[in-house]
Amino acid sequence: MTTTPPTPHTACPARSPGAIAGHGTGDFHDAYAHLRRDHPVYHDPELDLWVVSRHRDIDEVLRDRYGSFTPAHSYDPVQPTDTEAARIYTGVQDVPVAASTDPPVHTRYREALTAVWPTSAGQLAPFQGAVEKRALEAAHALAARDGRTGELTAHYARPLASRIMSDLIGIAPGDERCVIDGSSGMADLLWSFQSPSDQQRCSRAVVDLWKLCTDLVAQRRSRPRDDLTTAWIAYRDQAGVPLTDAEIASTLMEVLTTNAETVALLVSTALHHLLSGDGYLRLVRHPDETPAAIEETLRLDPPLIGWIRTTTRPLTLAGTSLPRGARLLLLMHAAGQDEAHETHAPDAFDHRRTDTPPTLTFGAGIHYCPGARYTRLVAHHALAALTHVLPGLTLAVTAPATRPASMILRRPVELHADW
């Protein structure tokens, strides 16, 4: 398994061991098309991963009804963990969450999660005003920056996503940096290729976030408030059994690390595409097109570009025999551009298209992301607020934003803009 950052795609990934690790960087559209056509399922010996690229095969894995695939190893790091980083991280990596467990453990976490977390339009309705208010505050704060310039990920998308999430959970403003660092730190620690010192830094950030979650549960035990943490403390399952403090902290950790990071990446990636063409100006003039811009980003360039499943028995997928214990990399990014969708110009960003296919970005089956509606809501208000407050926003650098080498997340690191 490689411990150095992968290089950008230069040849067929199926014939270049380790190359698929760079699919979150640069333009991999041609490589995805090649894989879907000629190597829909193949084994990468350097990463020890079976790579799956076609929509229908990924959908089959995610909707597994027979226990053939497990998410149990989804949070195993893709590179060997530095010894000191592993020592720092000890304990946190063994905390179960809904996304990495099978029934019946998954059922318990999932029922508690969806009983409190707003998953439907009706449950989200009471939060609409607060989300819109936070988005406008963030847009005005960005507009007030000296020099009328800023970096849209660090100065807008990440703080906004973190603030809204913190409002729901009950995290104090002074602790938002911990949420941001812990969320991005976990993603980089698990699915990126880092030096030992960077692994140690990320491990400390994750441990700090775990402590924040456990401390918050203890605080709400003695001082309840009108927030989701208090609601999870009050939750009882059908048998009247409450969640333990560790289960509540684990739920908080999962909600924070998934939503705070991916929502910010969705917003910044949408802005990257909109500002690279005339899409942003169109949204200024036609704000009703904002939901379509979000869906097009989810199709073409989603924040979650891959996910992990492991086989529980020998089986055949797309004509390929897989052994028990095979770890699969599901290329969500490739699935949105699948030729089977018959989407016009699938490699182009066009939020006015009328042939948007179904997305697998939020998963499918029992592990379908309960935060899907929430993610779309926050992204909608983030784009709407920015186009309203800063209609003249433009990219300061027109070259494609550089991206980190992550197996699971695709994001512009820096998105400098002027207004």
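In this structure, the side chain of Glu254 does not engage the main chain of Thr251 through any donor-acceptor pair within 3.5 Å. Of the possible donor and acceptor atoms, none in the side chain of Thr316 sits under 3.5 Å from a partner among the backbone N and O of Ser321. Not one N or O on the side chain of Gln79 forms a donor-acceptor pair closer than 3.5 Å with the backbone of Phe193. For the pair Thr343 (side chain) and Glu339 (backbone), a donor-acceptor distance under 3.5 Å is absent. A donor-acceptor contact shorter than 3.5 Å is absent between the side chain of Thr310 and the backbone of Arg327. Judged by distance alone, the side chain of Ser192 and the main-chain N or O of Leu189 form no donor-acceptor pair under 3.5 Å. Remark: the backbone N or O of Gly325 is paired with a side-chain donor or acceptor of Thr311 at under 3.5 angstrom. A donor-acceptor contact shorter than 3.5 Å links the side chain of Thr90 to the backbone of Ala86. Panel note: side chain Ser183, backbone Ile180; no donor-acceptor pair is recorded below 3.5 Å. The main-chain N or O of Ser268 is never found under 3.5 Å from a side-chain atom of His272 such that the two would form a donor-acceptor pair.
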Full working for side-chain hydrogen bond (donor to acceptor under 3.5 Å, both in side chains) between His344 and Asp350: CA-CA 10 Å; His344 174 69; Asp350 179 8; over 6 Å; no
From CA spacing to verdict: side chain to side chain contact (heavy atoms under 4.5 Å, CB included), Tyr280, Leu386: CA-CA 10 Å; Tyr280 189 85; Leu386 207 57; 3.8 Å; yes
Side chain to side chain contact (heavy atoms under 4.5 Å, CB included) assessment of Asp198 paired with Asp188: CA-CA 9 Å; Asp198 282 337; Asp188 288 339; over 6 Å; no
Derivation of the side chain to side chain contact (heavy atoms under 4.5 Å, CB included) call for Arg309 and His73: CA-CA 7 Å; Arg309 284 292 187 272; His73 301 288; over 6 Å; no
Do Arg134 and Asp167 pass the side chain to side chain contact (heavy atoms under 4.5 Å, CB included) test, and can you show the C-alpha distance, the side-chain angles, and the key distance before you say yes or no? CA-CA 10 Å; Arg134 286 299 190 190; Asp167 285 343; 2.7 Å; yes
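A donor atom on one side chain and an acceptor atom on the other are not found under 3.5 Å apart for Asp355 and His341. Side-chain atoms of Thr107 and Glu111 form no donor-acceptor pair, as typed in the model, at a separation below 3.5 Å. Side-chain N/O atoms of His273 and Glu296 include no donor and acceptor closer than 3.5 Å.
In this structure, CZ in Arg313 is found 11.5 Å from CZ in Arg324, a value given to the nearest 0.5 Å. One finds the CG atom of Leu331 at 11.5 Å from the CG atom of Leu360 (value rounded to the nearest 0.5 Å). In this structure, SG in Cys213 is found 11.0 Å from CG in Asp208, a value given to the nearest 0.5 Å. Distance OH/Tyr42 to CZ/Arg15: 10.5 Å, rounded to 0.5 Å. Of the inter-residue distances, the one linking Asp301 atom CG with Asp347 atom CG reads 11.5 Å to the nearest 0.5 angstrom. Taken to the nearest 0.5 Å, the CZ atom of Arg158 stands 8.0 Å off from the CZ atom of Arg177.
Of all heavy-atom pairs between Ala115 and Tyr235, the closest is CB-CE1, 3.6 Å. Taking both residues in full, the closest heavy atoms of Gly18 and Asp44 are given as N-OD2, 2.8 Å, listed atom of the first, atom of the second, then distance. The heavy-atom pair separating Val179 from Ala260 by the smallest distance is CG1-CB, 4.0 Å. Closest non-hydrogen pair, Val267 versus Ala379, comes out as CG2-CA, 3.9 Å. When all heavy atoms of Pro287 and Thr290 are compared, the closest pair comes out as O-OG1, 2.8 Å. Heavy atoms only, all atoms of each residue included: Pro13 and Phe28 are closest at CG-CE2, 4.3 Å.
With respect to the salt-bridge test (charged N to carboxylate O, under 4.0 angstrom), the residues Arg220 and Asp227 qualify. A salt bridge is defined here as a Lys NZ or Arg NE, NH1 or NH2 lying under 4.0 Å from an Asp or Glu carboxylate O, and Arg282 with Asp278 fails to meet this definition. For the pair Asp338 and Arg56, the salt-bridge criterion is not met [side-chain N within less than 4.0 Å of a carboxylate O].
By the ring-ring contact (aromatic ring centres under 6.0 Å, His included) test, His380 is found to be paired with no residue, residues two or more places apart in sequence or in another chain being considered. Shown here are the ring-ring contact (aromatic ring centres under 6.0 Å, His included) partners of Tyr156, two or more places apart in sequence or in another chain: there are none.
Side-chain contact check for Pro17 versus Pro45: some heavy-atom pair is nearer than 4.5 Å. Within the 4.5 Å cutoff, the side chain of His351 has heavy atoms near those of the Leu274 side chain. Side-chain contact between Tyr374 and Thr119 is absent, with no heavy-atom pair separated by less than 4.5 Å. Between Pro103 and Ile366 there is a side-chain heavy-atom pair separated by less than 4.5 Å. Annotation: side chain of Pro370 is in contact with side chain of Arg110 (closest heavy-atom distance under 4.5 Å). Residues Leu49 and Met407 form a side-chain contact, since some pair of their non-hydrogen atoms from C-beta on lies under 4.5 Å apart. Considering only heavy atoms from C-beta on, Leu152 comes within 4.5 Å of Leu275 through its side chain. Between Arg376 and Leu298, the closest side-chain pair of non-hydrogen atoms falls below 4.5 Å.
Note on ring orientation: taking the six-membered ring where Trp is involved, the planes of His106 and His367 are tilted (angle from 30° to 60°).
Sorted by first and then second residue, the pairs that involve residues 297-328 and meet ring pair (Phe, Tyr, Trp, His ring centres under 6.0 Å), not counting sequence neighbours, are Tyr75-Trp307, Trp191-Trp307.
Aromatic ring centres of Tyr32 and His333 lie closer together than 6.0 Å.
When each of Leu317, Leu328, Leu35 is paired with Val41, the side chain to side chain contact (heavy atoms under 4.5 Å, CB included) condition holds for Leu317 and for no other.
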